[in-house]
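Presented below is the structure to which this report refers.
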Number of protein chains: 2
Amino acid sequence: MVSSSLRPLRADAARNRELLLAAAEEEFAERGLSASIADIARRAGIAKGTVFRHFASKEELIASIVCGHLATLADVARRLTDAGDPGAALLEFLTVAADQRRQHDLTFLQSVSEGDSRVTEVRDELYAGIGALVDRAHAAGTIRSDVTATDVFLLMCAPVHVVENLANPAPELWKRYLAIIFDGLRPEGATPLPQPAPARP
Amino acid sequence: MVSSSLRPLRADAARNRELLLAAAEEEFAERGLSASIADIARRAGIAKGTVFRHFASKEELIASIVCGHLATLADVARRLTDAGDPGAALLEFLTVAADQRRQHDLTFLQSVSEGDSRVTEVRDELYAGIGALVDRAHAAGTIRSDVTATDVFLLMCAPVHVVENLANPAPELWKRYLAIIFDGLRPEGATPLPQPAPARP
DNA sequence: AGACAACATGACCGGACGGTCATGTTGCTC
DNA sequence: GAGCAACATGACCGTCCGGTCATGTTGTCT
C-alpha cells in the first residue's frame, strides 16, 4: 500500500510498480503459485526485465503482495475494534477477511513468504488487531472462552478454502460455512476442546 | 487399492507399481504438486521411463493416488454406517478422514484429477457413504437439520487445512479445529444459515 | 536545453521438467 | 531351458522458467 523507500520512485517507475503488483495478484489468483514472471509482465504491459528491477526475485514479489493483503486486513481489524457490538464486529471482520480471500486466493503465497521480515511484521500487527477483537468478544460473552486469537487467525480463511473444493461454487457460498464455523465459536452447546491452543504464529 | 486391469501384471511390474505409488504419495506430500517424476522414480528405486510405462502422464499418476485415498475413505464410511451411535460414527468418520489428510495432504491433487472418470466414480461412492452417515445423524438429532452430506464432504479436510497455516503445528492440533467445526454442526445454539446448500459435487 | 542518473528492454543463459524411444533385461509359458 | 512378450532403462528432446545484462530510452534537475 505504501512504499517506504528513502528515495522516491520516478513517476513512470511508480506507475509500473502498481501495474505490476496488480497484474501479479490477478495472475497468481488465476494460475496459482506457478504463474510465470513472463505472463505477469505481459499482463502488466511491461518487459520481463523490468519485473526484476522492482523485485529482486519472484519470492520478493510474492512477499510484497502478501504484505499488502495483510496490511489491509490489519486496518480492517483496527477500525472494527471501536464498533458497537463486539460479537458483530468479530463476525464482520471474518466476513471481510473471507471476502478478500475469495477475490484473490493467495493463501498458497503465504507459505512462500514465510521468512520475509516485512511479512512477519505486518502479520504481527494483524495478530494484535485480532487479539483486540477477540478480547472484546470474550468480555461480551459472544464467543466461548477457550477460543484464542490464534484460533481465529487460523480459521480466518477456512470458509473460502472449504468452498474451493467445489468446481463452480455459488459466489457467496462461503458465507454458509463461515456461519457454521462461527456457530462453533459460540458458547452455546460448546464441547470441551481436546487440544490446547497453539502459540501465536 | 485394487488393480482392475484385465490382464494381470507381471510380478516385478506389480511390485514396481506399488513402490511407485507409495513413493509418489510421499514425494507429493513433501514437495507439493511440483514434485518431479525424476525424484519420484529415484525414491521408488526405479528408472524414470518406467514411471511412464505404468502411468501415461503425471496427471494419471495423480489420479491413481487420489483414487486410492477416496476408496479408503469410502470404505471407512461404509463400515461406520452400522456403528451404534450415529453422532459418534459421523465424528469418527471425520476424525479418520482428517487424520488421513494429515499424513499425506493431497487436497491439492484433487483439483488436478477433476476430470478423471475413475476418480469421479469413487468419489460418488464416498459421497453415498457420507450421505448414509448424515441421514442417521439427522434422525438421531446429533447434527442440525439444515446441514447436508455435501456440507460434511466439503468440511472434511478443513481442520487439517487450518492447521497447515502454522509452521510447526502440534501433531494432533487438527483435533481442536475438528471439535470447533463439529460443534458448529450441532443443533444446540445453531444460527440460520445465510446460503442454501450446494448441489452434490 | 542540456546532461545525467534512473529506468525499460528483450535477447540470452543455465537448469529443470514432462515425456519419448531404441536398446537391453527378465519373468512367464510350454 | 528355449523363446518370446512384457518390462526396465537412461540418454535424449523440446519446452518453459527464473534470472542477467548490454543497450537503448526517458523522467528530472539545474
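Chain letters run A, B, ... following the sequence lines, proteins first and then strands; every chain starts at 1.
- Evaluation of the side chain to side chain donor-acceptor pair (under 3.5 Å) test over residues 160-174 of chain A, restricted to residues two or more places apart or in two chains, returns E172(A)-K175(A).
- Among residues two or more places apart in sequence or in another chain, the salt bridge (Lys or Arg N to Asp or Glu O under 4.0 Å) test is passed with R186(B) by D183(B).
- Evaluation of the salt bridge (charged side-chain N to carboxylate O under 4.0 Å, His left out) test over residues 145-160 of chain A, restricted to residues two or more places apart or in two chains, returns R144(A)-D146(A), D151(A)-R176(B).
- Partners of R15(B) by salt bridge (Lys or Arg N to Asp or Glu O under 4.0 Å), not counting sequence neighbours: none found.
- Residue pairs meeting the ring pair (Phe, Tyr, Trp, His ring centres under 6.0 Å) criterion with at least one partner in residues 23-55 of chain A, sequence neighbours excluded, are absent.
- Here the side chain of H69(B) pairs no donor or acceptor atom with the backbone of H104(B) at under 3.5 angstrom.
- Atom CD of E59(A) is surrounded by 12 or fewer heavy atoms from other residues, nucleotides or ligands within 6.0 Å.
- For DNA chain C, the residues of residues 53-62 of chain B within the heavy-atom distance limit of 4.0 Å (strictly under) are S57(B), K58(B), sorted by number.
- In this view, E121(A) satisfies the salt bridge (Lys or Arg N to Asp or Glu O under 4.0 Å) rule with no residue, not counting sequence neighbours.
- Atom CD of E60(B) has more than 12 heavy atoms from other residues, nucleotides or ligands within 6.0 Å.
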Could you tabulate the donor-acceptor pairs under 3.5 Å formed by side-chain atoms of residues 84-93 of chain B, not counting sequence neighbours?
{"from": "D85(B)", "atom 1": "OD1", "to": "G87(B)", "atom 2": "N", "distance (Å)": "3.3"}
{"from": "D85(B)", "atom 1": "OD2", "to": "A88(B)", "atom 2": "N", "distance (Å)": "3.4"}

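- Remark: A35(B), S36(B), I37(B) in residues 32-46 of chain B come within less than 4.0 Å of DNA chain C through at least one heavy atom.
- Among residue pairs with one or both ends in residues 21-35 of chain B, those qualifying as salt bridge (charged side-chain N to carboxylate O under 4.0 Å, His left out) are E26(B)-R43(B), E27(B)-R31(B), E27(B)-R43(B), E30(B)-R43(B); sequence neighbours excluded.
- First and last contacting nucleotides of DNA chain D toward chain A (any atom under 4.0 angstrom from a heavy atom, 5' to 3' order): dC17(D) to dT28(D).
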Could you list, one pair per line, each protein nitrogen or oxygen that sits under 3.5 Å from a nitrogen or oxygen of nucleotides 27-30 of chain C, together with the distance?
{"from": "dC28(C)", "atom 1": "OP1", "to": "A11(B)", "atom 2": "N", "distance (Å)": "3.2"}

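- Among all heavy-atom pairs drawn from R17(A) and S64(A), the shortest one is NH2-OG, 4.4 Å.
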